[in-house]
Amino acid sequence: SAVISQKPSRDICQRGTSLTIQCQVDSQVTMMFWYRQQPGQSLTLIATANQGSEATYESGFVIDKFPISRPNLTFSTLTVSNMSPEDSSIYLCSVGESDQPQHFGDGTRLSIL
Amino acid sequence: RKEVEQDPGPFNVPEGATVAFNCTYSNSASQSFFWYRQDCRKEPKLLMSVYSSGNEDGRFTAQLNRASQYISLLIRDSKLSDSATYLCVVNSGTDKLIFGTGTRLQVFP
């Protein structure tokens with residue numbers, strides 16, 4: 001399966017600031033996804049990152065808060081904007097095709113003070 | 001009703017025990033089913049896909065009952081290293097996966 005690298009692996013940020021998380025894949029993939037996993041919870045899909053077009057957001061997530069870029073088939077970024085303590089979470093990117101299983105990066109652990 | 005429901009556990013079992021996890025899903029259009037394993041502070045990793053005929057991988061057996069919209073995972077001869085959270089995952093009928101909240105397993109010596 002693809003090797004997926006996320007950066008940073010963790011960060012502690014001040015409220016009101018923004019952080020961009022990078023996801024790099026070692027091969028070209030069609031589908032890339034961004035998830036959030038809050039403490040003690042399961043994974044919630046934020047959006048599907050589409051190459052060459054705007055990301056597709058799930059209910060409860062908006063582009064102004066979580067802008068996503070997907071400039072090519074191996075790279076995507078997720079920005080968490082104007083952060084508040086409620087954004088403290090693990091953010092994960094994944095790749096997968098159609099109804100195949102997805103494979104995850106090792107996540108970005110984010111804490112907001 | 002949640003789209004994917006699991007018993008959160010924890011299941012505390014001794015080494016060598018057999019343990020079974022169950023999962024139900026609500027979308028009858030779902031076509032793909034998976035079990036993932038997530039260790040504490042790690043990303044989820046695919047354990048196995050689940051096929052209609054049932055499938056086995058070593059000590060792990062997965063079963064799917066489409067009529068009842070029910071998935072199971074059986075772990076035989078539990079090892080200490082099996083301690084983790086097991087996530088039931090269902091394809092939503094599109095390209096999206098829906099994750100259950102996970103069942104925590106703790107195997108003790």
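Everything numeric here is computed off the predicted structure, so don't read it as measured data.
- For a residue to count as touching a neighbouring chain, one of its non-hydrogen atoms must lie under 4.5 Å from one of that chain's; by this rule A:Leu45 touches chain B with the side chain only.
- No donor-acceptor pair under 3.5 Å is formed between the side chain of B:Tyr36 and the backbone N or O of A:Pro101.
- No side-chain donor from either of B:Glu43 and A:Gln6 sits under 3.5 Å from a side-chain acceptor of the other.
- Taking CZ of A:Phe104 as the start and NZ of B:Lys42 as the end, the distance is 15.5 Å to the nearest 0.5 Å.
- The environment of CZ in A:Arg15 is sparse: at most 12 heavy-atom neighbours from other residues, nucleotides or ligands sit within 6.0 Å.
- Hydrophobic clustering (ILVMFWY, side-chain heavy atoms < 4.5 Å, transitive): A:Phe75 and A:Val29 are in distinct clusters.
- Within 6.0 Å of OH in B:Tyr51 there are 12 or fewer heavy atoms belonging to other residues, nucleotides or ligands.
- Here the side chains of A:His103 and B:Lys45 are not in contact, with every heavy-atom distance at 4.5 Å or above.
- Residue A:Ile4 is not grouped with residue A:Ile90 when hydrophobic side chains (ILVMFWY) are merged at heavy-atom distances under 4.5 angstrom, including chains of intermediate members.
- Heavy-atom contacts from other residues, nucleotides or ligands closer than 6.0 Å to CD of A:Glu97 number more than 12.
- Under a 3.5 Å cut-off, the side chain of A:Ser42 and the backbone N or O of B:Gly100 do form a donor-acceptor pair.
- Rounded to the nearest 0.5 Å, atoms CD (A:Gln41) and OG1 (B:Thr101) are 8.5 Å apart.
- With chain A as partner, the option from B:Ser30, B:Pro8, B:Ser32 having the largest number of non-hydrogen pairs under 4.5 angstrom is B:Ser32.
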Would you sort out whether B:Lys96 and A:Glu58 count as a side chain to side chain contact (heavy atoms under 4.5 Å, CB included), showing the intermediate values?
-> CA-CA 10 Å; B:Lys96 296 186 290 190; A:Glu58 297 302 303; 2.9 Å; yes

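- Proximity to chain A is limited to the side chain of B:Leu46, based on heavy atoms less than 4.5 angstrom apart.
- Side-chain contact between B:Val89 and A:Leu43 is absent, with no heavy atoms from C-beta onward closer than 4.5 Å.
- For A:Ile12, the CD1 atom counts as loosely surrounded, since its 6.0 Å shell holds 12 or fewer non-hydrogen atoms of other residues, nucleotides or ligands.
- Surrounding CZ of B:Arg104 are at most 12 heavy atoms belonging to other residues, nucleotides or ligands under 6.0 Å away.
- In this structure, A:Ile68 is a member of the same hydrophobic cluster as A:Met83, with clusters built from ILVMFWY side-chain heavy atoms closer than 4.5 Å.
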